[in-house]
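Below is one structure; the comments refer to it alone.
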There are 2 protein chains.
Amino acid sequence: MCTVKDQIDIKYVEDTLYVLHGKWRLSIIISLYNGNRRYREIARSIPKITFTMLSKELKFMELNNLVKRSEDPDFPKMVEYELTDYSESLYPIIEKMLEWGKSHRKEIT
Amino acid sequence: MCTVKDQIDIKYVEDTLYVLHGKWRLSIIISLYNGNRRYREIARSIPKITFTMLSKELKFMELNNLVKRSEDPDFPKMVEYELTDYSESLYPIIEKMLEWGKSHRKEIT
DNA sequence: CCGGATCCAACGAGATACTG
DNA sequence: CAGTATCTCGTTGGATCCGG
């Protein structure tokens with residue numbers, strides 16, 4: 001017993017990973033953090049994402065309570081998304097990832 | 001400008017994601033955090049991982065400076081792995097993920 | 001403007017068999 | 001004991017076309 005840190009229970013970390021899983025989900029959350037709300041706005045803020053993927057992800061995220069969707073049915077139709085308390089609570093994780101990424105920035109492919 | 005948080009630059013977060021990517025990498029890092037060192041020991045500590053995947057991941061992680069490998073060529077051969085400073089520095093992220101997972105524990109399929 | 005439906009390509013991951 | 005080499009397969013992601 002010479003470690004000072006507690007044992008880490010992988011299953012809780014896996015739960016977190018489940019929510020963050022996929023190529024685009026974190027990008028979308030960050031886009032919303034950064035103040036984007038409208039569908040097109042979000043799409044434009046994330047380089048290379050396609051409408052198809054954005055739709056799929058937003059759908060999943062709505063079902064899993066990560067975003068809240070509201071719609072103004074006038075024409076042209078306007079849809080806005082916002083983070084929920086649930087996804088807001090992911091902020092500390094993203095913050096740590098940002099810090100780590102900044103510290104270790106180097107060419108990656 | 002009514003947000004208190006800074007804008008998050010997705011590219012740094014993506015760098016971090018690159019290092020943590022894959023089904024098993026984080027489990028392996030956590031296993032090493034938890035004090036496992038030998039190949040078999042690591043394998044036994046991660047439910048359902050196969051030798052194939054463990055080998056592939058450890059190989060990748062060695063090449064990317066996430067683990068250090070040392071070998072005792074006597075018979076039976078013994079190989080030990082340990083985390084590097086580089087991967088140790090991921091601890092704050094994992095810690096936040098653990099906290100989040102604990103707070104939001106619920107059935108996930 | 002905001003998507004859904006469909007189909008296809010690419011990649012990650014597992015099974016199996018073999019080696020120093 | 002500690003791996004490697006293939007091969008197959010399921011899942012993810014992307015392109016394209018269509019609808020409210």
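Every chain is numbered from 1, with letters handed out A, B, ... down the list of sequences.
For DNA chain D, the span of nucleotides reached by chain A at under 4.0 Å from its heavy atoms goes, 5' to 3', from D:dG13 to D:dG20.
Taking only side-chain atoms of B:T50, from C-beta outward, the nucleotide of C:dA15, C:dG12, C:dG3 with the closest atom is C:dA15.
Look at CG on B:L26: it is 13 Å from P on C:dA13, rounded to the nearest Å. In this structure, the CZ atom of A:R38 is 11 Å from the P atom of C:dG3, given to the nearest Å. Going from atom CG of A:L54 over to atom P of C:dG4 covers 10 Å, rounded to whole Å. Atom-to-atom, CE of A:M53 to P of C:dC2 comes out at 19 Å; the value is rounded to the nearest Å.
Ring planes of A:H104 and B:Y86: perpendicular class, angle over 60° (limits at 30 and 60°).
Neither OP1 nor OP2 of C:dG3 sits under 4.0 Å from any side-chain N or O of A:R40. OP1 or OP2 of C:dG14 sits under 4.0 Å from a side-chain N or O of B:K23.
For B:K11, the NZ atom sits in a packed shell: over 12 heavy atoms of surrounding residues, nucleotides or ligands are nearer than 6.0 Å. In this structure, A:D72 places its CG atom where more than 12 heavy-atom neighbours from other residues, nucleotides or ligands lie under 6.0 Å away.
Between the CG atom of B:L98 and the OG atom of B:S103 there is a distance of 9.0 Å, given to the nearest 0.5 Å.
If you check every strand for non-hydrogen atoms under 4.0 Å, B:S55 touches a base.
Taking for each of B:F51 and A:W24 the nucleotide of DNA chain D with the nearest heavy atom, the 5'-most of the two is the partner of B:F51. In terms of position along DNA chain C, the nucleotide closest to A:K59 lies nearer the 5' end than the nucleotide closest to the other residue of the pair A:K59 and B:K77.
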